[in-house]
Amino acid sequence: MNATYDIVCLSHLRWDFVHQRPHHLLTRFARDHRVYFVEEPLYGPGPIRLEVGMRRHGVQVVTPHLPEGVSARGATAAQALLIEGLLHQNESNDYILWYYTPMAREFTAHLRPLATVYDCMDELSTFLGAPPTMLSHEQELLDRVDVVFTGGQSIYEAKKDRHPNIHALPSSVDVEHFARARALTHDPADQAPIPHPRLGYFGVIDERIDLGLLDALAASRPGWQFVMVGPVVKISADTLPRRENIHYLGGKNYQDLPAYIAGWDVAMMPFARNEATRFISPTKTPEYLAAGKPVVSTSIRDVVRPYGERGLVRIADTARAFAVAAEAAMREDAGARVRQADAFLSLNSWERTWARMARLVDTTVAARAVPSLRSPVLLAGNEPLLASGD
């Protein structure tokens with residue numbers, strides 16, 4: 001790529017939590033650019049400061065630390081000052097702002113980047129605990145941002161008339177990484193004692209999972225084992241169905257996921273059909289397929305189209321239908337299924353998605369390369385303290 005600029009990413013996610021869309025994209029951008037991944041603040045004792053730590057592949061993770069009890073206005077002012085200090089200390093005069101959360105506009109609206117990007121991977125306003133101002137902040141962002149990407153077709157269709165430069169770039173897959181599951185035979189220690197057949201899920205366990213469906217499935221098929229790999233967030237662990245054939249193994253490292261899925265007979269996506277799942281485009285769909293597993297999912301729109309329509313994923317919404325679909329999946333010709341999935345996935349990779357994004361961003365930066373549009377960052381007061389960390 002020819003354009004030279006830094007990327008300051010403003011995210012609602014934590015880099016060290018679950019490996020998701022931002023990781024795949026920003027690690028690739030870090031080949032050619034300095035990338036700062038700015039997380040939401042942590043609150044606690046000590047001075048207002050930034051913790052900056054280098055991660056694999058060159059991404060610098062930036063975590064604001066703010067005092068407990070600080071007002072909303074105070075938190076906004078502090079984060080604005082900290083970001084100014086980050087840019088000043090690193091002599092970052094040419095940068096773009098890359099938003100995952102519209103809420104970050106509160107402390108970045110005064111900055112003058114080369115360009116602004118909104119990678120809308122989820123409809124955050126529908127998630128449990130979303131701030132009531134999320135929608136108004138998103139509209140402000142859409143009114144000012146230069147280019148918009150969406151993480152799925154459904155969310156693109158919902159927003160395509162709200163910005164003139166919007167592109168549907170659904171989540172892709174690292175085929176080589178997940179295809180390792182086809183050859184792995186060693187079960188992870190916590191999964192090894194679980195009998196077969198196994199129906200497995202990996203990902204965040206939150207309000208988007210249909211816990212009633214999971215419970216009914218486990219009750220209807222006591223000889224099947226249901227393996228849930230992932231952290232429980234935003235919901236109480238007390239609400240999870242508890243049966244002898246449901247196994248919660250907790251969050252796992254992205255590098256270890258192929259070893260878990262290798263030991264499953266069916267990969268499943270028991271998503272609830274609610275406001276929180278209306279626009280989701282699960283990254284795990286192509287990941288399951290790359291691992292060579294049959295997949296059964298509830299009727300999430302971006303799973304039904306294209307995966308269900310192409311016969312790559314079985315779709316079922318009731319416990320009975322889900323069980324019937326899983327039984328059919330375990331009897332099918334695995335070789336034919338894998339060949340069909342591989343043909344589809346050959347056109348769907350993170351490398352291709354990133355390359356298209358990079359071209360669009362470079363084009364946007366070039367179009368905005370007019371000196372009068374930008375002014376240097378000015379520090380409001382003393383420079384903040386930046387603490388390095390891992």
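Here the structure is a predicted model, which means the values were calculated and not measured.
Centroid-to-centroid, the aromatic rings of Tyr288 and Phe202 come within less than 6.0 Å. Taking the six-membered ring where the residue is Trp, the centroids of Tyr307 and Phe344 are separated by under 6.0 Å. With ring centers used as reference points, Trp98 lies under 6.0 Å from Phe29. Ring centers of His177 and Tyr254: under 6.0 Å apart, within the cut-off.
Between Asn93 and Tyr5, the side chains place no donor N or O within less than 3.5 Å of an acceptor N or O (distance only, hydrogens not considered). Residues Glu106 and His137 have side chains that bring a donor and an acceptor to within less than 3.5 angstrom of each other. Between the side chains of Asp317 and Thr298, no donor-acceptor pair is found at a separation under 3.5 Å. Counting only N and O atoms by type, the side chains of Gln225 and His247 include a donor and acceptor under 3.5 Å apart. At a cut-off of 3.5 Å, with distance as the only test, no side-chain donor of Ser172 or Ser349 sits close to an acceptor on the other residue. For the residue pair Ser92 and Asp6, a side-chain donor N or O sits within less than 3.5 Å of a side-chain acceptor on the partner. A donor atom on one side chain and an acceptor atom on the other are not found under 3.5 Å apart for His24 and Asp174.
Other residues, nucleotides and ligands contribute over 12 non-hydrogen atoms within 6.0 Å of the CZ atom of Arg144.
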With a 3.5 Å cut-off and sequence neighbours excluded, list the donor-acceptor pairs that the side chains of residues 67-82 form with protein atoms.
unit_1 : atom_1 : unit_2 : atom_2 : d
Ser71  : OG     : Gly74  : N      : 2.9
Thr76  : OG1    : Ala72  : O      : 3.1
Gln79  : NE2    : Ala75  : O      : 3.2

